[in-house]
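A, B, ... follow the sequence lines: proteins, then strands. Residue 1 opens every chain. Below, all heavy atoms of this structure are taken into account, side chains as well, without hydrogens, waters or symmetry copies.
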There are 4 protein chains.
Amino acid sequence: MNECSFILVNSYSLKVESMKDAVQEQLIAARRNQILEAATRVFAEKGFHLTTIKDIAKAAGIADGTIYNYFENKTALMLSILDLMNESDQRSEDFSKFSAMDFRSFIKGYMRHRLMVLKADNFGIFRVVISEVMVNQELRTLYYQKIIEPTFIMAEQFFQQWADQHIIKPIDINLTMRATSGMILGLIMLHIMGDTLLDEKWDALPDFLTDLLLDGIGDKP
Amino acid sequence: MNECSFILVNSYSLKVESMKDAVQEQLIAARRNQILEAATRVFAEKGFHLTTIKDIAKAAGIADGTIYNYFENKTALMLSILDLMNESDQRSEDFSKFSAMDFRSFIKGYMRHRLMVLKADNFGIFRVVISEVMVNQELRTLYYQKIIEPTFIMAEQFFQQWADQHIIKPIDINLTMRATSGMILGLIMLHIMGDTLLDEKWDALPDFLTDLLLDGIGDKP
Amino acid sequence: MNECSFILVNSYSLKVESMKDAVQEQLIAARRNQILEAATRVFAEKGFHLTTIKDIAKAAGIADGTIYNYFENKTALMLSILDLMNESDQRSEDFSKFSAMDFRSFIKGYMRHRLMVLKADNFGIFRVVISEVMVNQELRTLYYQKIIEPTFIMAEQFFQQWADQHIIKPIDINLTMRATSGMILGLIMLHIMGDTLLDEKWDALPDFLTDLLLDGIGDKP
Amino acid sequence: MNECSFILVNSYSLKVESMKDAVQEQLIAARRNQILEAATRVFAEKGFHLTTIKDIAKAAGIADGTIYNYFENKTALMLSILDLMNESDQRSEDFSKFSAMDFRSFIKGYMRHRLMVLKADNFGIFRVVISEVMVNQELRTLYYQKIIEPTFIMAEQFFQQWADQHIIKPIDINLTMRATSGMILGLIMLHIMGDTLLDEKWDALPDFLTDLLLDGIGDKP
DNA sequence: TATGAATGAGCATTCATTCAT
DNA sequence: CATGAATGAATGCTCATTCAT
């Protein structure tokens, strides 16, 4: 064995090492996701407080203790679910496809996107997150910082641009954004609370809300 | 003792009985309210699940067991609080004072009313009710039937009337109502979640929202 | 009913009240003792860490939860047992019966007392207390302050008095006390560790130790 | 390959084997010591029950599972630590250096040795061992057989010899030894329990105790 | 009716030990 | 032999609810 082969071997073993590490990391990530997925499912069904660690472990097909190899405690599961929601939001928040559209289509497209994504899984985890956020200060802060604030920061650019182009009136942009988001959020909550009419007309909402938002309901002859 | 006296006594005792009953009922109602008031206070502070019966009993200045003489269980307390909110809503929902106003003033007045009432006690019990409603089917149904539905039914009359008078456009009234309520509900939730801008501009909201709702944000030259 | 009778009635009801309270207090004290007695028994048998709350509850014939109506937690039980030991020490520490004796008899009497009391219940709880004291800072401090220090303070007076009367040599009283207590403590521990010879000759110890302490083992012709 | 080469090879391989074995054994012993050293350190700091296998593994820089390749279970670690203490005792118990001294110097030297060795590492593992010994029958027996009994057996020879030479009085040697050891043990425990005076005067103890033991405290004119 | 002590099911969390890799 | 993820039994503690007084 010459020096060169020694180096090669070494390099090979390094490669193997790093490959092992990579595999390890993937396994860990997979297990984490498995647990989070199960937790999301059970939380969505029974709510945070009525869900036991045993429930989640059973749903994930693992032992109770294993969960604690991946998460500090029950609350940490909730926080991680928030992160997951955040990530999936970020990933899906692809505005490029909307940007070529005219203004009205953009708003409609965006609303359709938001309303459909949540409807898709029946507002499951959203319900639980909101429930806990209402009552848990830590989660509340996290939710605002990770999900709501970033959205506002991004949305502000759009609204500002539209205001500059005189597409929308020169009104308080911050309040406008909040009124808009609030409307969507509130409608989702009304739906969750069991408003059947909203359920029936959910698909019509994007168009309806866009018109309402842009034109108002006042009848000006 | 003759028959007559028997009757008299009887009649007297009945009277006394019924008087006693009346007093009793009042006492019972008073105690119930005492408990509910305490429960509301503690729930608002700590949330439903972190509040113990002992907490409530202590806040009400009575023994744990006494609560169970007036309420089936902890959940029943929550339901009764809902009823209380409902009643106070009904009582305050005095539209007569608004009815003389012109349309825009009416909307502004109504919004101001709703937004201020909740802000007043810092959204305390509202937060908890929402939290539980998100997660508890029974409560959800009750909340919808007792609070949301009645509001919609009443509001519908107003909107219909305005539509007939061509004050608002001939659009889907049901969706309009829901969008309006949703907007208010959503803004309250954004405030609860810690949106500081909303907190600062809360007083400006009624006027802003009314204009937004009636005129839209689109800039039509 | 005149004022006087009113006062009497009042005074009577006060009396009843205070009697009820007194009974209550006795019941509470009784239950506390019941639990402590059970805890002492089980701790002595299995040691602190291997004893479960369920064990103690079972031994006391009550439910697990009841224990927590009387003690903060498992550790508090241990601390209370210390207090109990302390109290019983104080009560039994009646030196008056020794004080009439001559010096040598006094020492013998005291040693006999200490060695017999502990032997009586087979060093049971003493073993556990020592075990925990070795390892638990809080308990250690408490044990020293409540049991050891008071003993030293009292003993110091005796030794000082004997030194003044030239009954004992003018040596370091503090070290002497500690050596004496240490000897007793150490012998108890050797017994606990299973020294059979000590067990056999336990009754001879008081006399032996007294002579050893007073005269030394050195053979001075 | 002929027979001879076979033998050679065989013999060679045997040699290699046995060399390998020797190396292996050394490696095993080294790993065992590494683990025991770590365990001793952590036990001394946190106590037996509050120390986890993970703690020890981390302190030893190895994986949890590895410990179980060298020790049956957590208790076995404790037992092995006892053995280690025993060995180090045996090794240090070199009385030859004392044997030339006169009697009083011998006792002083021995006491100084015992008291300093333990003080040196702040009674760390001693505290834990005593704690467990108090409560664990198996450990108790082992401790007595491996540490206490051998000491007594050896000490007996010395005392017997001194008695024969009329250096010490013709008293019960077994009780004398126990009283002496007990005194040292008890003083160590008082120190552990936080007696500050003992801590200050620790260095003066050997001389003080020797005089006390030999001459007694009685003032005989 | 009021009390509050007693109950005991229920749960989050820990950790010694195992075992596949 | 080393690893460390997986296991799941075990436990301290909580708290809604009951019930004797």
Side-chain angles (χ1 to χ4, degrees), chain A residues 20 23-24 27-28 30-32 35 49-58 60-77, chain B residues 24 27-28 31 35 49-58 60-77, chain C residues 20 23-24 27-28 30-32 35 49-58 60-77, chain D residues 24 27-28 31 35 49-58 60-77:
Chain A
K20 222 197 296 176
V23 169
Q24 274 299 318
L27 283 178
I28 289 177
R31 185 49 62 96
R32 262 186 69 96
I35 293 170
H49 288 278
L50 292 183
T51 297
T52 69
I53 290 290
K54 218 176 205 64
D55 288 335
I56 298 174
K58 222 173 275 174
I62 59 176
D64 303 19
T66 305
I67 291 177
Y68 290 89
N69 288 337
Y70 296 87
F71 299 93
E72 188 78 15
N73 51 35
K74 202 178 158 191
T75 303
L77 274 171
Chain B
Q24 278 299 320
L27 283 178
I28 289 176
R31 187 48 64 94
I35 294 170
H49 288 278
L50 292 181
T51 297
T52 67
I53 290 289
K54 208 174 212 72
D55 288 334
I56 298 172
K58 218 173 278 174
I62 59 176
D64 306 17
T66 307
I67 291 178
Y68 288 87
N69 289 333
Y70 296 87
F71 298 92
E72 188 75 16
N73 51 36
K74 201 178 161 191
T75 304
L77 275 170
Chain C
K20 221 197 299 177
V23 169
Q24 274 299 318
L27 283 178
I28 289 177
R31 187 47 64 94
R32 263 186 68 97
I35 294 170
H49 287 279
L50 292 182
T51 296
T52 69
I53 289 289
K54 217 174 207 64
D55 288 334
I56 298 173
K58 222 172 276 174
I62 58 175
D64 303 18
T66 304
I67 292 178
Y68 289 89
N69 288 337
Y70 296 86
F71 299 92
E72 189 78 15
N73 50 37
K74 202 179 159 191
T75 303
L77 274 171
Chain D
Q24 277 299 321
L27 284 179
I28 288 176
R31 185 50 64 95
I35 293 170
H49 288 279
L50 292 182
T51 297
T52 67
I53 290 289
K54 208 176 212 70
D55 288 334
I56 298 172
K58 220 174 276 173
I62 58 175
D64 305 16
T66 305
I67 291 179
Y68 288 87
N69 288 333
Y70 295 87
F71 299 92
E72 187 76 16
N73 52 34
K74 201 180 161 189
T75 302
L77 275 171

To the nearest angstrom, how far is [X] atom [atom1] from [N] atom [atom2]?
| X | N | atom1 | atom2 | result |
| --- | --- | --- | --- | --- |
| C:I35 | E:dA6 | CD1 | P | 8 Å |
| A:N73 | E:dC11 | CG | P | 17 Å |
| C:Q24 | E:dG4 | CD | P | 8 Å |
| D:F71 | E:dA16 | CZ | P | 15 Å |
| C:Y68 | F:dT11 | OH | P | 12 Å |
| A:N69 | E:dA16 | CG | P | 14 Å |
| B:E72 | F:dT17 | CD | P | 9 Å |
| B:I53 | E:dT3 | CD1 | C1' | 15 Å |

For [X] and [Y], which heavy atoms make the closest approach, and how far apart are they?
| X | Y | answer |
| --- | --- | --- |
| B:I67 | B:A57 | CD1-N, 3.8 Å |
| B:T51 | B:K74 | O-NZ, 2.8 Å |
| B:Y70 | B:R31 | CZ-CG, 3.2 Å |

By nearest nucleotide on DNA chain F, pick out whichever of B:H49 and A:Y70 is the more 5' one.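 Its nucleotide being nearer the 5' end, the pick is A:Y70.
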
5'-most contact on DNA chain F (nearest-nucleotide basis), B:T66 vs B:L50, goes to B:L50

Name the nucleic acid region contacted by [X], choosing base, sugar-phosphate or nothing; use a 4.0 angstrom heavy-atom cut-off, strictly under.
| X | answer |
| --- | --- |
| D:I28 | sugar-phosphate |
| C:T75 | nothing |
| C:I67 | nothing |
| D:L27 | nothing |
| D:T52 | sugar-phosphate |

Both A:D64 and C:K54 contact DNA chain E. Which one's nearest nucleotide lies toward the 5' end? C:K54

Looking only at side chains, do C:T52 and C:D55 share a donor and an acceptor under 3.5 Å apart?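 Side chains of C:T52 and C:D55: pair found under 3.5 Å.
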
Which one, F:dA6, E:dA5, F:dG12, comes nearest to the side chain of C:K74?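 Nearest to the side-chain atoms of C:K74, counting from C-beta on, is F:dG12.
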
From F:dG8, F:dA5, E:dA6, nucleotide with atom closest to C:R31 side chain: E:dA6

Point-to-point distance, once rounded to the nearest 0.5 Å, from OH of C:Y68 to CD1 of C:I35: 11.0 Å

Look through every strand shown and name the nucleotide pairing with E:dT21 as Watson-Crick or G-U wobble, where both distances are under 3.5 Å. F:dA2

Residue matched to F:dT11 through Watson-Crick or wobble contacts both under 3.5 angstrom: E:dA12

